[in-house]
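Lettering of chains follows the sequences in order, A, B, ..., and the numbering in each one begins at 1. Model, not experiment: these values are computed from the prediction. All values below were derived from every heavy atom in this structure, side-chain atoms included, with hydrogens, water molecules and symmetry-related copies excluded.
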Number of protein chains: 2
Amino acid sequence: MPRFGADNPQHDAGQGLYVRKDAPIYFENDTANHWYEIISGVVRTCRFQVDGHRHVTGLYYKGDVFGLETGRYQDTAEAVTETVMIPHPHCTREAPAQDTSRAYEWNRALRKALGSARSCIRLMGCKTAEEKVAAFLLETRERLQADDTIVVPMSRGDIADHLGLTIHTVSRTITALVRQKLIALDGRQKIKILDDKGLSMIAGEAGGSRASGPGEG
Amino acid sequence: MPRFGADNPQHDAGQGLYVRKDAPIYFENDTANHWYEIISGVVRTCRFQVDGHRHVTGLYYKGDVFGLETGRYQDTAEAVTETVMIPHPHCTREAPAQDTSRAYEWNRALRKALGSARSCIRLMGCKTAEEKVAAFLLETRERLQADDTIVVPMSRGDIADHLGLTIHTVSRTITALVRQKLIALDGRQKIKILDDKGLSMIAGEAGGSRASGPGEG
DNA sequence: CGAACAATTGAATCCTTTCAAAGGGAGTGG
DNA sequence: CCACTCCCTTTGAAAGGATTCAATTGTTCG
């Protein structure tokens with residue numbers, strides 16, 4: 001079985017690693033040699049059910065980290081766009097966490113990974129297709145650090161497998177949001193957010209402001 | 001608004017903390033003073049949408065940790081059963097990570113929390129109600145370290161809000177699994193797993209064995 | 001034993017999926 | 001430069017599954 005992931009026991013730590021669009025980075029059940037920090041580009045992790053269904057378990061953007069599981073990778077990682085990232089060696093039995101700074105680095109990375117996982121859980125907690133897509137758009141804007149216009153880097157299929165929907169439903173839902181004048185399309189990748197609060201409402205979040213709410217000023 | 005969580009700035013680190021069934025531990029948006037390690041009992045974390053819907057974002061059992069977010073808690077934590085846990089002080093600006101052993105402790109805790117989050121994501125990745133419930137039962141057995149008979153500690157409502165279903169669907173699905181002779185009920189809490197592999201198949205996992213699969217010998 | 005709450009079950013509705021087909025871009029080759 | 005093809009996306013109609021509404025059954029606790 002010729003499987004070629006970018007993960008390699010001999011990566012130079014700190015060296016930037018380039019992977020092209022759609023290239024695999026590591027496979028589920030491979031020995032986890034490194035975790036990765038994204039310099040530029042987008043990465044997805046996914047799992048496959050026996051019936052062939054794919055579940056995109058995470059999407060990672062500039063500054064995010066992934067592949068922090070110990071022992072063996074529990075997902076497959078692939079580049080969504082061409083991506084540059086830094087591989088960091090994992091803690092192993094032979095090379096345990098020697099120095100403190102290393103421990104702190106892991107700490108920071110683990111916190112970051114936990115945050116990504118939380119985002120994913122929040123997204124999947126939405127019930128209807130409209131809630132999911134609205135939440136996804138808001139989340140993607142935030143993680144891409146984009147303003148009102150998002151250039152969605154992944155395909156409808158990726159979005160669908162991330163949200164637990166079909167391509168068709170994702171497409172229909174986006175169309176519906178356009179018709180409601182909440183967003184506008186420019187090609188299939190560029191999505192402009194027209195009504196922030198409207199989207200937030202649909203997503204089930206407190207409209208627009210993330211803080212403790214209006215309160216009783 | 002009188003909100004009384006068990007989280008308290010003055011917890012004695014290392015002291016066991018007892019909370020009764022259904023008691024709150026901390027609330028979303030509270031300052032995160034501690035993270036918790038469960039000695040006995042079960043805890044749920046949840047978030048609420050503006051429409052009132054509840055999403056159970058995590059279930060934690062003996063040995064699990066929760067509440068590791070920095071700054072403010074992002075979920076509300078409540079005891080599902082009466083619970084004993086150990087509060088651990090969070091790293092703050094005033095009291096940064098001084099010593100190495102503390103850093104390692106956090107490391108271990110963060111890894112554990114990441115594992116719990118992964119489980120949750122795996123569960124929510126299931127598409128149909130049957131897949132979700134089957135996966136939930138298998139997961140619960142594992143995390144309770146139970147044998148074939150699970151004493152499910154939470155209500156149908158908790159299960160439903162965890163899986164993104166309604167109480168009705170959960171109930172119907174369980175009934176269906178009983179009819180298929182995959183499980184058997186004894187009261188509403190005791191669930192006996194009759195057909196391991198059958199459940200795994202439905203859950204979409206490779207039947208029973210978790211390893212690299214049959215491969216090509 | 002009765003009351004209150006949790007769980008189960010039935011029937012109709014709504015939403016998502018499935019099946020089927022058409023539309024639109026990007027890239028290649030003539 | 002244009003025509004063609006391939007693949008992704010959009011859209012339509014029918015089918016399937018989960019939710020909602022409504023009511024019953026079963027448990028636990030006072």
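Looking at B:Arg111, B:Lys112, B:Arg118 one by one, the single match for salt bridge (Lys or Arg N to Asp or Glu O under 4.0 Å) with A:Glu69 turns out to be B:Arg118. The residue from B:Lys127, B:Glu131, B:Glu205 that alone fulfils the side-chain hydrogen bond (donor to acceptor under 3.5 Å, both in side chains) condition with A:Gln49 is B:Glu131. Under the ring-ring contact (aromatic ring centres under 6.0 Å, His included) test applied with B:Tyr60, the options B:Phe66, B:Tyr36, B:Trp35 reduce to a single match, B:Phe66.
No hydrogens or angles were tested; on distance alone, a donor-acceptor pair under 3.5 Å links the side chain of B:His168 to the base of C:dT9.
Between A:Leu177 atom CG and D:dT11 atom C1' there is a gap of 16 Å when expressed in whole angstrom units. Between B:Asp161 atom CG and C:dA7 atom C1' there is a gap of 15 Å when expressed in whole angstrom units. As rounded to whole Å, 12 Å separates atom P of D:dA18 from atom NZ of A:Lys127. One atom, CD of B:Gln189, and another, P of D:dT27, lie 12 Å apart when rounded to the nearest Å. We find that CZ of A:Arg172 is positioned 9 Å from P of D:dG12, with the value rounded to whole Å. For the pair B:Leu185 CG and D:dT27 C1', the interatomic distance rounds to 14 Å; values are reported in whole Å. Distance CZ (B:Arg156) to P (C:dT9): 10 Å, rounded to an integer number of Å. In this structure, B:Asp51 places its CG atom 14 Å from P of D:dT19, rounding to the nearest Å.
Between B:Thr175 and the phosphate of C:dT9, there is a side-chain N or O to OP1/OP2 separation shorter than 4.0 Å. Phosphate contact (OP1/OP2 of C:dT17, side-chain N/O of A:Thr169, threshold under 4.0 Å): present. Here A:Thr166 reaches the OP1 or OP2 of C:dT17: one of its side-chain N or O atoms lies under 4.0 Å away. Applying the 4.0 Å criterion to OP1 and OP2 of C:dA7, one finds that B:Ser171 has every side-chain N and O outside that range.
Looking only at atom types and distance, the side chain of A:Thr169 has a donor-acceptor partner in the side chain of A:Thr166 under 3.5 Å away.
Within the nucleic acid shown, A:Arg188 comes within 4.0 Å of at least one base atom, counting heavy atoms only. Nucleic acid contact for A:Ile174: none, since no nucleic acid atom lies under 4.0 Å from a heavy atom of the residue.
Residues A:Met154 and B:His53 both approach DNA chain D. Their nearest nucleotides, taken by heavy-atom distance, put A:Met154 toward the 5′ side.
Proximity note for A:Ile167 (side chain, C-beta onward) versus D:dA18, D:dT10, C:dA7: the nearest is D:dT10. Here the side chain of B:Ser155 is nearest to one of C:dA7, D:dT9, C:dT8, namely C:dA7.
Taking a 6.0 Å sphere around NZ of B:Lys62, one finds it holds 12 or fewer heavy atoms contributed by other residues, nucleotides or ligands.
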